2 protein chains.
Amino acid sequence: MEQTYTISDLAHEFDISTRTIRYYEERGLIHPGRTEGGQRTYSRKDRTRLRLILRGKRFGFSLEEIAEMINMFDQDRSGKKQLEVTIQYGRKKIKEVDDKIQDMIALRDEMESLLQDFQSRLKQIKGEESR
Amino acid sequence: MEQTYTISDLAHEFDISTRTIRYYEERGLIHPGRTEGGQRTYSRKDRTRLRLILRGKRFGFSLEEIAEMINMFDQDRSGKKQLEVTIQYGRKKIKEVDDKIQDMIALRDEMESLLQDFQSRLKQIKGEESR
DNA sequence: ATTGACATTAACGTTAACGTAAACTAGAAT
DNA sequence: ATTCTAGTTTACGTTAACGTTAATGTCAAT
């Protein structure tokens with residue numbers, strides 16, 4: 001239990017460049033440790049965090065938004081009022097995600113119905129063919 | 001039945017700039033008509049198409065990808081082979097969308113479970129409070 | 001101790017997707 | 001007829017999210 005990763009370990013695993021990982025650090029999204037010699041060293045938590053970042057990216061959040069969300073869930077919010085605010089914000093963000101999901105489902109359906117059109121056209125052609 | 005729109009009609013309706021709409025045209029995503037004097041005039045079909053473009057954008061497809069998809073569903077594919085290819089491609093794109101949806105649902109769940117943590121913490125604090 | 005593969009920072013370059021400004025024209029309203 | 005609002009093209013500017021290069025340091029293996 002002391003599992004760490006180098007920057008290229010993670011770069012390979014997630015199929016991104018080392019530059020990208022360093023850039024995320026530059027933007028305050030991740031905070032790896034350092035070795036004696038000054039090289040970055042990533043813990044399991046860092047790796048998990050990177051996965052989260054990439055997941056956020058994949059559906060169109062900006063790095064700034066992702067930073068906001070992550071840092072939010074990150075702080076040691078011990079006060080009651082703080083916790084309540086955090087939860088409020090979290091609910092809002094989740095709703096945003098829900099909305100995006102709905103939007104995508106709508107697009108999916110639209111695409112599907114276009115495809116149906118094409119398929120019935122194809123069927124018709126095939127029908128004519130065998131006359 | 002001759003409903004048309006000006007560029008700012010659509011800009012207002014979809015809450016985007018006229019520059020954006022012109023840019024989509026520049027990139028070959030939409031092809032409005034012109035008035036005598038040279039001003040762009042948008043039909044209902046153009047409007048529908050714009051809606052599709054924006055929907056595509058909203059979940060992270062690039063304009064190039066959107067152009068590819070739209071033009072695909074656009075051509076008058078009368079040949080059987082052509083139709084089959086189009087349908088294949090369409091299936092592929094729909095699967096991509098499905099994957100994105102799955103991905104987003106995973107993120108949503110992740111966020112939800114984080115929120116649960118916070119909420120149980122809050123409950124605990126409230127419990128202590130009333131002791 | 002010397003490779004060789006991988007690491008570091010610094011800084012400039014690149015692309016997509018527009019924003020913005022200038023200089024001008026068209027159309028609607030008074 | 002004039003004024004005002006909205007349209008046009010051209011062209012340069014901007015930002016996010018990295019890519020790329022240079023110049024140099026580190027670590028593991030021989």
Side-chain angles (χ1 to χ4, degrees), chain A residues 2-43 46-47 49-71 96 100 103, chain B residues 2-43 46-47 49-71 96 100 103:
Chain A
E2 260 284 308
Q3 174 68 303
T4 72
Y5 309 84
T6 77
I7 193 166
S8 55
D9 284 344
L10 296 184
H12 282 120
E13 177 172 357
F14 294 111
D15 198 31
I16 56 182
S17 72
T18 58
R19 173 68 171 100
T20 296
I21 298 180
R22 288 196 197 95
Y23 181 67
Y24 291 164
E25 181 180 350
E26 202 176 316
R27 296 294 308 273
L29 292 171
I30 193 168
H31 311 285
R34 297 281 180 150
T35 71
E36 181 71 12
Q39 299 194 189
R40 271 162 260 250
T41 164
Y42 297 83
S43 69
D46 293 327
R47 176 164 160 264
R49 176 178 276 243
L50 183 54
R51 201 207 325 282
L52 252 178
I53 297 171
L54 296 175
R55 186 161 282 160
K57 282 233 58 190
R58 236 170 295 141
F59 68 82
F61 279 129
S62 71
L63 290 184
E64 195 172 334
E65 288 174 306
I66 294 170
E68 206 188 346
M69 294 164 66
I70 282 188
N71 293 330
E96 281 177 35
K100 281 207 178 190
D103 226 38
Chain B
E2 260 284 311
Q3 174 68 303
T4 71
Y5 310 84
T6 76
I7 193 166
S8 53
D9 285 345
L10 296 184
H12 282 120
E13 177 172 355
F14 294 111
D15 198 31
I16 55 180
S17 73
T18 58
R19 172 68 172 98
T20 295
I21 298 180
R22 289 196 196 94
Y23 181 68
Y24 291 165
E25 180 179 350
E26 203 176 315
R27 296 293 308 271
L29 291 171
I30 194 169
H31 311 285
R34 298 281 181 148
T35 71
E36 181 71 15
Q39 298 191 193
R40 272 162 258 250
T41 165
Y42 297 83
S43 69
D46 292 328
R47 177 164 160 264
R49 175 179 276 245
L50 183 54
R51 201 207 324 281
L52 252 177
I53 296 170
L54 295 176
R55 189 161 282 160
K57 281 231 58 189
R58 236 169 296 139
F59 67 82
F61 279 130
S62 72
L63 291 184
E64 193 171 334
E65 288 174 305
I66 294 171
E68 206 188 346
M69 293 165 67
I70 282 188
N71 293 330
E96 281 177 35
K100 281 205 179 190
D103 225 36

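Keep in mind it's a predicted model, so treat the numbers as computed, not measured. Just so it is clear: chains get the letters A, B, ... in the order the sequence lines come, proteins before strands, and each one is counted from 1.
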Next on the checklist: Any non-hydrogen side-chain atom of A/Phe14 less than 4.5 Å from a side-chain atom of A/Leu50?
Outcome noted: yes
Next on the checklist: I need the CZ-P distance between A/Phe61 and D/dA17, as an integer number of Å.
Outcome noted: 13 Å
Checklist entry - Any donor-acceptor pair under 3.5 Å between the side chain of A/Arg22 and the base of C/dT8? => result no
Next on the checklist: Does a side-chain N or O of B/Lys57 approach OP1 or OP2 of C/dA17 to a distance below 4.0 Å, or not?
Outcome noted: no
Next on the checklist: A side-chain contact here means heavy atoms from C-beta on lying under 4.5 Å apart; do A/Arg49 and A/Tyr24 qualify?
Outcome noted: no
Next on the checklist: Please report the distance, rounded to the nearest Å, between CG in A/Asp9 and P in D/dC27.
Outcome noted: 15 Å
Checklist entry - Just wondering, are more than 12 heavy atoms of other shown residues or ligands nearer than 6.0 Å to CD in A/Glu64? => result no
Next on the checklist: Do B/Lys100 and B/Glu96 make a side-chain contact, defined as non-hydrogen atoms from C-beta onward lying under 4.5 Å apart?
Outcome noted: no
Checklist outcome for this item: Looking only at D/dC18, D/dG19, C/dG27, the nucleotide nearest the A/Ser17 side chain is D/dG19
Item to check | A/Leu63 CG - D/dT15 P separation (whole Å) | outcome: 16 Å
Next on the checklist: Return whichever of A/Gln39 or B/Thr20 has its heavy-atom-nearest nucleotide of DNA chain C closer to the 5' end.
Outcome noted: A/Gln39
Checklist entry - Judged by modelled atom types alone, do A/Arg27 and A/Tyr23 share a side-chain donor-acceptor pair under 3.5 Å? => result yes
Checklist entry - Is any side-chain nitrogen or oxygen of B/Tyr24 closer than 4.0 Å to OP1 or OP2 of C/dC18? => result yes
Item to check | Protein-nucleotide distance (A/Glu68, atom CD; D/dA16, atom P), rounded to Å | outcome: 14 Å
Next on the checklist: OP1 or OP2 of D/dG7 versus the side-chain N and O atoms of B/Thr18: is any pair under 4.0 Å?
Outcome noted: no
Checklist entry - With respect to the phosphate group of D/dT26, does any side-chain polar atom (N or O) of A/Thr35 fall under 4.0 Å of OP1 or OP2? => result no
Next on the checklist: Counting only side-chain heavy atoms from C-beta out, which of C/dA17, D/dA11, D/dT8 sits nearest to B/Arg34?
Outcome noted: D/dT8
Item to check | Which residue lies more 5' along DNA chain D, comparing A/Glu36 with A/Arg27 via nearest heavy atoms | outcome: A/Arg27
Checklist outcome for this item: B/Glu26 CD to C/dA16 C1', in whole Å, measures 12 Å
Item to check | Closest listed nucleotide, where the reference is the side chain of A/Arg19 and the choices are C/dA7, D/dG19, D/dA17 | outcome: D/dG19
Next on the checklist: With a cut-off of less than 4.0 Å, is there a side-chain N or O of A/Ser8 near OP1 or OP2 of C/dA7?
Outcome noted: yes
Next on the checklist: Whether A/Glu25 and A/Arg34 form a salt bridge (side-chain N of Lys/Arg under 4.0 Å from carboxylate O of Asp/Glu) is what I want to check.
Outcome noted: yes
Checklist outcome for this item: Testing C/dG27, D/dA17, C/dA7 for proximity to the side chain of A/Ile7, the answer is C/dA7
Checklist entry - What is the distance from OH of B/Tyr5 to C1' of D/dA6, rounded to the nearest Å? => result 19 Å
Next on the checklist: If I take atom CD in residue B/Glu25 and atom P in nucleotide C/dC18, what distance separates them, rounded to the nearest angstrom?
Outcome noted: 15 Å
Next on the checklist: What is the distance, to the nearest angstrom, from the CD1 atom on A/Ile21 to the C1' atom on D/dA17?
Outcome noted: 14 Å
Checklist entry - A/Tyr23 or A/Gly37: which one's nearest nucleotide on DNA chain D is closer to the 5' end? => result A/Tyr23
